[in-house]
Amino acid sequence: MDVAEIKAIIESMLFVSDTPLRLETLVTILPEANKETILEGIRQIKTDYEDPSKGVELVELAGGYQFRTKPHWAEWTNRLKKIKAVKFSRAALETLAIVAYRQPVIRPEIEEIRGVDCGWILRSLMEKGWSRLRVEKIFLGARSFTDNTGLSGVV
């Protein structure tokens, strides 16, 4: 297969995927192409969609690639989806910052830093899928956190 065919296949897979496609997944699905050809196809797609007349762009996030609405056009897509911007309270933002900076972290450490109870905030973040609890330690980097913030990961 040549790069043009690989590019078309990757573009169609990106279009139908509701989660970021990892390079490893593309390599598995396309055994007839090598990793370099797949990366070249991705690079060409990215270049094609940088055109200002396009409404979407190819972004790398959460360890994969996904088409996203360009920020300039988000107002109109939000009308379609009836999505309101996520707004966090100051307390939630403080808690997110502490978890992001000190992860893995336990609840008493967060409460010691903030000086107040943060159980309801942590519960809210977990319900949204933005954090996860593993053996009493709290981590960011849950897929929905990285997808919604546009980050490729949290260190």
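By convention here, the first residue in the shown sequence is residue 1.
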Worksheet item: Does the distance from a Lys or Arg side-chain N to an Asp or Glu carboxylate O, for E50 and K46, drop under 4.0 Å?
Response: no
Worksheet item: Going only through I, L, V, M, F, W and Y residues with side-chain contacts under 4.5 Å, is there a path from L39 to V59?
Response: no
Worksheet item: Do R114 and I121 have side chains that get closer than 4.5 Å, going by heavy atoms?
Response: yes
Worksheet item: Does atom CD of E112 have more than 12 heavy-atom neighbours, drawn from other residues, nucleotides or ligands, at distances under 6.0 Å?
Response: no
Worksheet item: With hydrophobic residues grouped by side-chain heavy-atom distances under 4.5 Å, do I29 and Y65 end up in a single group?
Response: yes
Worksheet item: Is there a side-chain contact between P71 and E57 (heavy atoms, below 4.5 Å)?
Response: yes
Worksheet, complete the sentence: The residue among I10, V3, D2 that forms side-chain contact (heavy atoms from CB on, under 4.5 Å) with I6 is I10
Worksheet item: Hey, what do you get for NZ (K70) to OG (S53), rounding to the nearest 0.5 Å?
Response: 7.0 Å
Response to the item:
For Q66 and P20 the tightest heavy-atom approach is OE1-CG, 3.8 Å
Worksheet item: Taking 4.0 angstrom as the limit, do E11 and K7 come out as a salt bridge?
Response: no
Worksheet item: Nearest heavy-atom pair of K54 and W73: which atoms, and what distance?
Response: O-NE1, 3.7 Å
Worksheet item: Do you reckon L58 sits in the same ILVMFWY cluster as V27, going by side-chain contacts under 4.5 Å, direct or chained?
Response: yes
Worksheet item: Is L26 linked to F15 within one hydrophobic cluster, defined over Ile, Leu, Val, Met, Phe, Trp and Tyr using a side-chain heavy-atom separation of less than 4.5 Å?
Response: no
Discussion item. To the nearest 0.5 Å, what is the distance between CG on L93 and CD1 on I98?
Written reply: 11.0 Å
Practice prompt. Compare every heavy atom of L61 with every heavy atom of R68, then report the nearest pair and how far apart it is.
Written response: NH2-CD1, 3.6 Å
Worksheet entry | Ionic contact status for D117 with R107, cut-off 4.0 Å | yes
Item to complete: Give a yes or no answer on whether the side chain of S124 reaches the backbone of W120 with a donor-acceptor pair at less than 3.5 Å.
Response: no
Fill in: Side chain to side chain, I113 and R102, heavy atoms closer than 4.5 Å
yes
Worksheet entry | Contact check, side chains of I45 and F67, non-hydrogen atoms, under 4.5 Å | yes
Worksheet item: Under a 4.5 Å side-chain heavy-atom rule over Ile, Leu, Val, Met, Phe, Trp and Tyr, are L23 and M1 clustered together?
Response: yes
Worksheet entry | Student check: side-chain heavy atoms of E60 and I42 closer than 4.5 Å | no
Worksheet entry | Donor-acceptor under 3.5 Å (T77 side chain, A74 main chain) | yes
Item to complete: Output the distance between atom CD1 (I106) and atom CD (E111), rounded to the nearest 0.5 Å.
Response: 10.0 Å
